[in-house]
Amino acid sequence: LVCNDCSTGMFNLNSEDCLVESFMRRTYNNQSAGAVGCIAPTDISWSFVTDVFLWGMYDYYDPGFLPEYGPYDSSNYNGNWMPTFGNVAGKYFLQLGGWPSLSDFYKTLTHQIYTSHGDAFLRLYTTVPQTMIVEHPSRICMDGGRIVVKAPVGAMIALSIGNDILAVAEADGTYQLIEFQSQTPDDVIDLVVTKQDCLRYEAQISHLDVPLIGPAIIEEQALCEDYLYTLNVTPTEIDMLTFDWACSSNLTLVSTDNNKAYVRPNGTGTAYVQVDVSCHGYNLCYYYKEITISQQYNTITTANINTNTT
């Protein structure tokens with residue numbers, strides 16, 4: 001809510017709430033149902049002076065409103081509809097105004113009385129907000145101090161722990177390497193991505209107590225699948241044998257050489273099914289970019305497996 005009338009934001013009244021307080025404190029069925037933010041003067045406002053102030057505020061939202069005034073190129077601008085920032089931009093525009101009626105007295109007064117009640121980064125939607133597609137790992141190593149994030153062009157990426165901001169970056173639509181000071185193990189890093197006319201994206205990233213020494217493989221998910229095998233007993237009789245890997249496919253990093261990681265699966269399966277533990281080399285991919293390896297490990301089944309063997 002932006003109100004331009006005198007004293008509608010005078011929050012120091014002793015007798016009752018001012019207009020914007022009434023809007024923000026409104027409830028319905030004992031639930032908050034009022035405005036989430038308001039900008040209004042805390043005292044008497046002056047005609048035309050406040051008009052100029054509002055012109056500057058709106059041009060911050062839409063630079064096409066006053067195309068000859070900065071600070072953004074309207075042809076390449078994605079929108080920045082944040083009222084609290086607009087409140088500041090309007091005051092800068094007013095201060096630069098050269099109309100005879102805009103004396104320094106009225107300018108200073110207007111700077112003082114227009115206050116913003118609400119989150120400084122509250123953003124207005126100009127259309128139905130869209131859901132952003134953001135890619136990132138769910139876990140990072142203890143001493144990595146880096147993460148790769150892919151977000152839509154122009155989105156703002158922020159990493160934080162509690163009230164401490166670790167890093168901020170503007171997305172360019174590609175996989176971006178964002179570096180920050182290494183944190184202590186088991187800390188949970190908050191990832192927040194925002195963009196005009198898009199829903200806010202939030203995720204939590206685990207900080208593993210695992211040092212990063214050269215190329216590493218970290219298991220994100222163990223997938224156990226049943227495979228159907230056919231054994232020809234006689235030309236006219238077919239027995240169906242079903243078995244699973246019993247989650248024995250966890251990988252161990254054996255060594256690294258020439259930008260390759262050599263891995264092998266842990267364990268050797270069951271008495272009937274053996275996993276070939278030979279090493280296989282895979283080219284290391286871009287940091288944290290996922291790759292899928294399929295059918296690289298052979299299984300060896302022993303002869304004379306009885307029917308219905310589990």
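Computed from a prediction, not measured in an experiment: that's the story for all the values here.
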Which atom names give the shortest non-hydrogen contact between S160 and I165, and what distance separates them? CB-CA, 4.0 Å
For the student: nearest non-hydrogen atoms of Y61 and P83, plus distance: OH-CA, 3.0 Å
Quick one: does any side-chain atom of E68 pair with a main-chain N or O of L66 as donor and acceptor, under 3.5 Å? no
Testing the basics here: between G97 and K107, what is the closest heavy-atom pair and its distance to 0.1 Å? O-NZ, 2.8 Å
For Y114, is there any backbone N or O sitting under 3.5 Å from a side-chain donor or acceptor partner on K91? yes
Is any side-chain heavy atom of L94 closer than 4.5 Å to one of L102? yes
Contact summary for V193 and M132, nearest pair of heavy atoms: O-CE, 3.2 Å
How about F23 and H117: are their ring centres within less than 6.0 Å of each other? no
Check whether any side-chain heavy atom of P63 sits under 4.5 Å from a side-chain heavy atom of Y69, and report yes or no. no
Closest non-hydrogen atom pair between G9 and V20, with its separation: CA-CG2, 3.7 Å
Heavy-atom side-chain proximity of Q112 to D43 below 4.5 angstrom: no
Just do the side chain to side chain contact (heavy atoms under 4.5 Å, CB included) check on N87 and M57 with the steps written out, would you? CA-CA 6 Å; N87 184 45; M57 174 187 287; 4.2 Å; yes
Would you check if V149 and Q176 make a side-chain contact, meaning some heavy-atom pair closer than 4.5 Å? no
Checking the side chain of S45 only, and the main-chain atoms of N4 only, is there a donor and an acceptor separated by less than 3.5 Å? yes
Checking T84 against L122 for the side chain to side chain contact (heavy atoms under 4.5 Å, CB included) test, could you report, in this order, the C-alpha distance in whole Å, the side-chain angles of both residues, the deciding distance, and whether it holds? CA-CA 8 Å; T84 299; L122 178 68; 5.7 Å; no
Quick check: does any side chain N or O of N29 sit under 3.5 Å from a backbone N or O of Q31, one acting as donor and the other as acceptor? no
Heavy-atom side-chain contact between I147 and F180 under 4.5 Å: yes
Taking side chain as C-beta onward, heavy atoms only, is L19 less than 4.5 Å from C3? yes
Hey, do the aromatic rings of F48 and W99 have their centres closer than 6.0 Å? yes
At what distance, to the nearest 0.5 angstrom, does CG of L199 lie from OG1 of T131? 4.5 Å
Tell me the salt bridge (charged side-chain N to carboxylate O under 4.0 Å, His left out) pairs involving residues 10-38, sequence neighbours left out? D17-R25, E21-R25
Roughly how far apart are I113 CD1 and T42 OG1, rounded to 0.5 Å? 6.0 Å
Here's a test for you: under ring pair (Phe, Tyr, Trp, His ring centres under 6.0 Å), which of W81, F93, F53 qualifies with Y58? W81
Atom CZ of F121: over 12 foreign heavy atoms under 6.0 Å: no
Can you find a heavy atom in the side chain of Q95 that is under 4.5 Å from one in the side chain of H111? yes
